[in-house]
There are 2 protein chains.
Amino acid sequence: MPARIEDVALKAGVSTKTVSRVFNREPNVSEKARARVEAAARELNYRPNPSARSLAGNRSYLVALLFDNPHAGSSYVMELIVGVLQACENTHYNAMLRPLDLSADPVAAIEEFVAQFRPDALVLAPPIGDDLKILRRLDEWNVRYSAISARSSHARIGVGFDERRAAAEMVEHLAALGHRRIGHIAGRAGHGARAWRLAGYRDGLRKAGLDYDEAVVVDGDFSFESGIAAGAQLLDLRDPPTAIFAANDDSACGAMHEAFERGLSIPRDLSICGFDDTPASAQVWPSLTTVHQPCREMGRIATEQVLLSMRDPGAAQTVRISYEIRIRGSTGPVRAKSATGAYRGARKG
Amino acid sequence: MPARIEDVALKAGVSTKTVSRVFNREPNVSEKARARVEAAARELNYRPNPSARSLAGNRSYLVALLFDNPHAGSSYVMELIVGVLQACENTHYNAMLRPLDLSADPVAAIEEFVAQFRPDALVLAPPIGDDLKILRRLDEWNVRYSAISARSSHARIGVGFDERRAAAEMVEHLAALGHRRIGHIAGRAGHGARAWRLAGYRDGLRKAGLDYDEAVVVDGDFSFESGIAAGAQLLDLRDPPTAIFAANDDSACGAMHEAFERGLSIPRDLSICGFDDTPASAQVWPSLTTVHQPCREMGRIATEQVLLSMRDPGAAQTVRISYEIRIRGSTGPVRAKSATGAYRGARKG
DNA sequence: TTTTCGATTGACAGCGCTGACAATTTGCAG
DNA sequence: CTGCAAATTGTCAGCGCTGTCAATCGAAAA
C-alpha cells in the first residue's frame with residue numbers, strides 16, 4: 001500500500017493540509033515546514049493519489065489532444081502528442097488522446113467526450129481549430145482550449161506560424177530557379193492550411209512577377225493518392241508546369257510518384273516541393289524540398305499556453321513560431337523546354 | 001454541475017449501489033431495475049465521475065503504452081496508440097502514453113511512472129518486452145503487462161507474429177527472382193526484431209539453397225541513416241549483393257537512397273526490400289517491397305488481452321497474428337551481372 | 001401454508017485528498 | 001510590553017463513488 005498524505009503529515013509533524021500545500025506549490029508555507037514535509041515524503045516515497053486529488057479538487061488534471069481521425073497514425077499527430085507530453089512533464093497534468101470523426105457530428109462527439117472524461121483543457125489539432133461551430137460550442141460550455149495552426153482568430157490561445165509567408169517563400173525559391181510555370185496541388189477543403197498555402201502560392205507568384213493561372217492549380221486533399229491524381233492532371237496539360245508546389249509532403253510525394261511513373265527525372269524535368277517536412281519527405285529520393293514545421297514544439301507550446309491560461313487567464317496567447325525552408329534535392333533549375341506535351345503518355349504505369 | 005449517481009438513484013427510485021451495479025455491468029440486477037436506471041441516467045445525461053470511481057474502486061482505469069523515446073514521433077508508435085485507444089473504447093479504461101529513455105535507467109523510470117500514475121496495466125512496445133530486467137521487476141511489483149512483439153516468452157500476455165518466417169519468405173521472394181547474393185542490413189542490437197529477422201534471413205537463404213556469407217550482413221540500427229551507411233558498405237564490396245533485405249523500412253529507404261546516389265536503378269541494378277510497411281515505404285519510388293505488420297491491430301489486441309487478464313486471469317494469452325508480404329516495385333528479377341565493382345564510386349553524392 | 005435459499009437490493013463507511021474557514025503564531029510598530 | 005495585521009498552520013466536511021455486508025424478496029421445496 002502506498003503512503004498517504006496522512007502518513008507524511010504524521011512523520012513530518014504537520015497537518016495533512018500543510019503537506020497538501022507543499023505538493024501543490026501553494027504560498028504561505030514556511031521553509032522549515034516545507035523541508036520537513038519534503039523529507040518525510042521522500043522517505044515514505046509518497047506520491048499524491050491522482051484520483052483523490054482530482055475528486056477533491058474538482059479537476060481532472062487532464063489535457064486532451066483532439067485530432068481528425070484520418071490523421072490517426074500520422075507522424076504529424078504523433079509529434080504533436082510528444083509535444084503535449086513534454087508540456088505535461090513536471091506538472092500534475094496528464095495527456096489524453098481523442099481521435100474525432102469530423103465527417104460525422106464532431107460537436108456531439110466532443111460533448112460526449114468532455115462529459116465523460118472532463119478534461120480541464122483541450123488542444124485542437126488542425127483542422128479542428130478552424131471549425132467555428134466547434135469553437136463556439138466550447139466557449140458556451142466554458143471549456144478551455146488551445147488551437148494549433150488555426151486559421152480563424154476565434155481561438156484566442158494557440159500556436160501557429162506564418163504558413164502563408166512560408167508558402168510564398170517556397171514559390172519564390174522555385175521562381176529563383178528559373179521556373180515560370182509553377183503548379184500547385186491544393187489541400188483539403190475546409191483546412192485553414194489549404195487557404196493559407198494557396199494564398200501564399202499566389203503571393204509568391206506575384207512577388208516573382210508571374211501570373212496566376214488556375215489551370216495549374218488542382219485540388220488535392222493532402223493525401224498521397226490525391227497527389228498522384230493531381231500530378232497526373234498537371235502533367236497531362238498541354239503546357240505542363242516545370243515545377244509543382246504541393247500543399248503538403250504527402251501529396252508532393254504522390255506527384256513525384258506520378259512523375260517517375262512517366263519516366264521523368266526529378267529535378268531535371270520537374271521540380272517538386274512540399275510542406276510539413278514529414279519523415280517520408282527525407283526518405284524519398286531525391287529528398288523533398290519542403291517547409292519544416294516544428295510539430296513537437298507546437299504541441300508543447302499549445303499545451304503550455306492552455307495550462308498557463310488556467311493559472312493566469314489573460315497571460316496566455318497565440319504564439320507565433322518560426323519555420324524553416326529546407327531545400328533538398330527535389331527542386332532544381334528549370335531546363336530548356338522540350339517539345340510541348342512530350343511527357344504525356346510516357347510509361348504510364 | 002453534472003448529475004451524480006445519487007440523482008440517478010433518486011430519479012430511478014433505487015439505491016445508489018444499484019445504479020453503480022448497472023454502470024459496472026455487475027450481475028444480480030433485475031431487468032426492471034436496470035431499465036429504470038438506464039432511463040433515469042439517460043434523462044439526466046449522467047456519466048460516472050472517473051476520479052470518484054477510481055478512488056473508491058482503488059483502480060486507475062488507466063492503461064499505459066510504454067515505448068522507446070527515440071521512437072516517439074514514429075508512425076509505428078502512433079499506430080499502436082490508435083489500437084490501444086480502440087481497445088479502450090466502450091470500456092471504462094483510458095490510454096496513457098509514456099516515452100521511456102531505455103539508454104538511461106528504464107527500470108527506475110518505470111517505477112517512478114507506476115508510482116505516480118498507478119496504471120492498472122502496461123502495454124510494452126518493442127523492444128521493452130525484450131528486457132528481462134524490466135519484466136522481472138514488473139512481476140515483482142505485481143504490475144500487469146502485455147508485450148508487443150517480444151522475443152522472450154517471459155511475457156505471458158501479448159501479441160506478435162512470426163517475424164522469422166516473414167523474413168524468410170522475403171528472402172525466398174528475392175531468391176525466386178533469381179538473386180543469389182542477397183545482403184542483409186541488420187537491426188539494432190537488443191531488439192528481438194533484429195534477432196528474429198536475421199534468423200529468418202538465414203532460414204530463407206537455407207531454403208533457397210544459398211550459403212550464408214557474413215560479408216553481406218552489415219549492422220544497422222533501424223534508422224534511415226544507418227541504412228545509408230549500410231547500403232554504402234554493401235555496395236562498396238568487391239562483389240556486391242544484387243538484392244538487399246533490410247531489417248526495416250527506414251533502413252531499406254536509406255539503402256535505396258545510397259543506391260540512387262550512386263546512379264543505380266532500382267530494381268534493375270539492385271533489389272531492395274524492407275520490413276514493417278511504414279507510410280514512407282509506399283511513398284518512395286519505386287515503392288518498397290516489404291512485410292506488412294498490422295500495428296494498429298497489434299496495439300488493440302495487446303490491450304484487449306491485458307484488460308481481459310484483469311477480469312479473467314488465465315484467459316489472456318499471447319496472440320499470434322498474421323502478416324502479409326507486400327510485393328511492390330523495389331524488387332525485381334536479377335540482371336546479368338556487369339563487371340565486378342562497376343557500381344563503385346559512381347556519382348557518389 | 002411455511003420454509004429455504006439464492007437472487008436482488010440497500011445502508012453506510014470510507015477511498016485520499018482539497019476547499020473553506022478558523023486558529024494560532026509571528027513580526028513589528030507603538 | 002502590548003496590540004494588531006499578516007503569515008502560517010490546522011480542522012473538518014465532503015468530493016462521488018464502490019466495497020462490505022446486512023436486509024429483503026421471490027420462487028421452489030417441504
Side-chain angles (χ1 to χ4, degrees), chain A residues 1-38 40-41 44-62 91-94 115-118 120 310-311, chain B residues 1-38 40-41 44-62 91-94 115-118 120 310-311:
Chain A
M1 238 16 187
R4 294 157 307 146
I5 198 171
E6 201 187 329
D7 305 325
V8 178
L10 218 61
K11 172 155 257 173
V14 298
S15 70
T16 60
K17 183 66 215 192
T18 297
V19 178
S20 169
R21 286 194 180 96
V22 171
F23 273 84
N24 290 292
R25 294 190 182 78
E26 282 176 28
N28 299 333
V29 178
S30 65
E31 267 320 308
K32 210 180 69 185
R34 180 186 314 281
R36 299 181 56 177
V37 166
E38 275 165 0
L44 295 169
N45 198 25
Y46 169 73
R47 299 290 184 314
N49 179 316
S51 309
R53 162 179 268 178
S54 293
L55 181 59
N58 193 30
R59 294 179 265 171
S60 62
Y61 292 102
L62 242 38
T91 72
H92 302 308
Y93 283 82
N94 206 339
Q116 187 173 352
F117 294 103
R118 302 158 207 231
D120 292 336
M310 310 195 59
R311 279 169 294 154
Chain B
M1 239 16 188
R4 294 155 309 146
I5 199 172
E6 200 187 329
D7 305 324
V8 178
L10 219 60
K11 171 155 259 173
V14 298
S15 70
T16 60
K17 183 65 215 191
T18 296
V19 178
S20 169
R21 287 193 179 96
V22 171
F23 273 84
N24 289 293
R25 294 191 184 76
E26 283 176 27
N28 299 333
V29 178
S30 65
E31 265 321 310
K32 211 180 70 186
R34 180 185 313 280
R36 298 182 57 176
V37 166
E38 274 164 0
L44 294 170
N45 197 27
Y46 170 74
R47 299 289 183 315
N49 179 316
S51 310
R53 160 178 269 177
S54 293
L55 181 58
N58 193 29
R59 292 178 267 172
S60 62
Y61 291 102
L62 241 38
T91 71
H92 302 308
Y93 283 83
N94 207 338
Q116 187 174 351
F117 295 104
R118 303 159 206 229
D120 292 336
M310 311 195 59
R311 278 169 294 153

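So that the names make sense, note that chain A is the first sequence line, chain B the second, and so on, each numbered from 1.
- Between its two ends, the helix from C:dT1-D:dA30 to C:dG30-D:dC1 turns its axis by 40°, counting five pairs per end and rounding to 10 degrees.
- Within the structure, salt bridge (charged side-chain N to carboxylate O under 4.0 Å, His left out) pairs that include any residue of residues 8-17 of chain A comprise A:K11-A:E43 (at least two apart or interchain).
- Every side-chain hydrogen bond (donor to acceptor under 3.5 Å, both in side chains) that A:R4 has, sequence neighbours left out, goes to A:D7.
- Within the 4.5 Å cutoff, the side chain of B:R25 has heavy atoms near those of the B:H92 side chain.
- Applying a 4.0 Å cut-off to non-hydrogen atoms, none of the residues of residues 46-53 of chain A approaches DNA chain D.
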Review point. Side chain to side chain contact (heavy atoms under 4.5 Å, CB included) between B:R36 and B:E31: does it pass, once the steps are laid out?
Key: CA-CA 9 Å; B:R36 298 182 57 176; B:E31 265 321 310; over 6 Å; no

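- Here the range on DNA chain D touched by chain B, meaning any atom under 4.0 Å from one of its heavy atoms, is D:dG16 to D:dT20.
- Between the CZ atom of B:R36 and the C1' atom of C:dT8 there is a distance of 14 Å, rounded to whole Å.
- Whole-Å rounding puts the B:K17 NZ to C:dG14 C1' distance at 13 Å.
- The side-chain contact (heavy atoms from CB on, under 4.5 Å) search around A:N49 returns A:S51, A:A52, B:L55, B:R118, not counting sequence neighbours.
- In this structure, the side-chain hydrogen bond (donor to acceptor under 3.5 Å, both in side chains) partners of B:T18, at least two apart in sequence or on a different chain, are B:S15.
- Of the residues in residues 20-32 of chain B, those with a non-hydrogen atom less than 4.0 angstrom from any atom of DNA chain C are B:R21, B:N28, B:V29, B:S30.
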**Study point:** Test side chain to side chain contact (heavy atoms under 4.5 Å, CB included) applied to B:V8 and B:Y46, step by step
**Key:** CA-CA 7 Å; B:V8 178; B:Y46 170 74; 3.5 Å; yes

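- Along DNA chain C, the nucleotide nearest to B:S15 and the one nearest to B:L55 differ in position, and the one closer to the 5' end is contacted by B:S15.
- Annotation: side-chain hydrogen bond (donor to acceptor under 3.5 Å, both in side chains) contacts of A:S20 (sequence neighbours excluded): A:N24.
- Backbone-only engagement by A:R59 is indicated by non-hydrogen atom pairs under 4.0 Å involving sugar-phosphate atoms exclusively.
- Every residue two or more places apart in sequence or in another chain that forms a side-chain hydrogen bond (donor to acceptor under 3.5 Å, both in side chains) with B:S60 is listed here: B:D120.
- Within the structure, every pair that satisfies the salt bridge (charged side-chain N to carboxylate O under 4.0 Å, His left out) test and touches residues 46-60 of chain B, not counting sequence neighbours, is listed here: A:E112-B:R47.
- Put simply, the side chain of B:V22 reaches to within 4.5 Å of the side chain of B:E38, judged on heavy atoms.
- By the 6.0 Å contact criterion, CD on B:E6 is open, its count of non-hydrogen atoms from other residues, nucleotides or ligands being 12 or less.
- Between B:I5 and B:F23 there is no side-chain heavy-atom pair separated by less than 4.5 Å.
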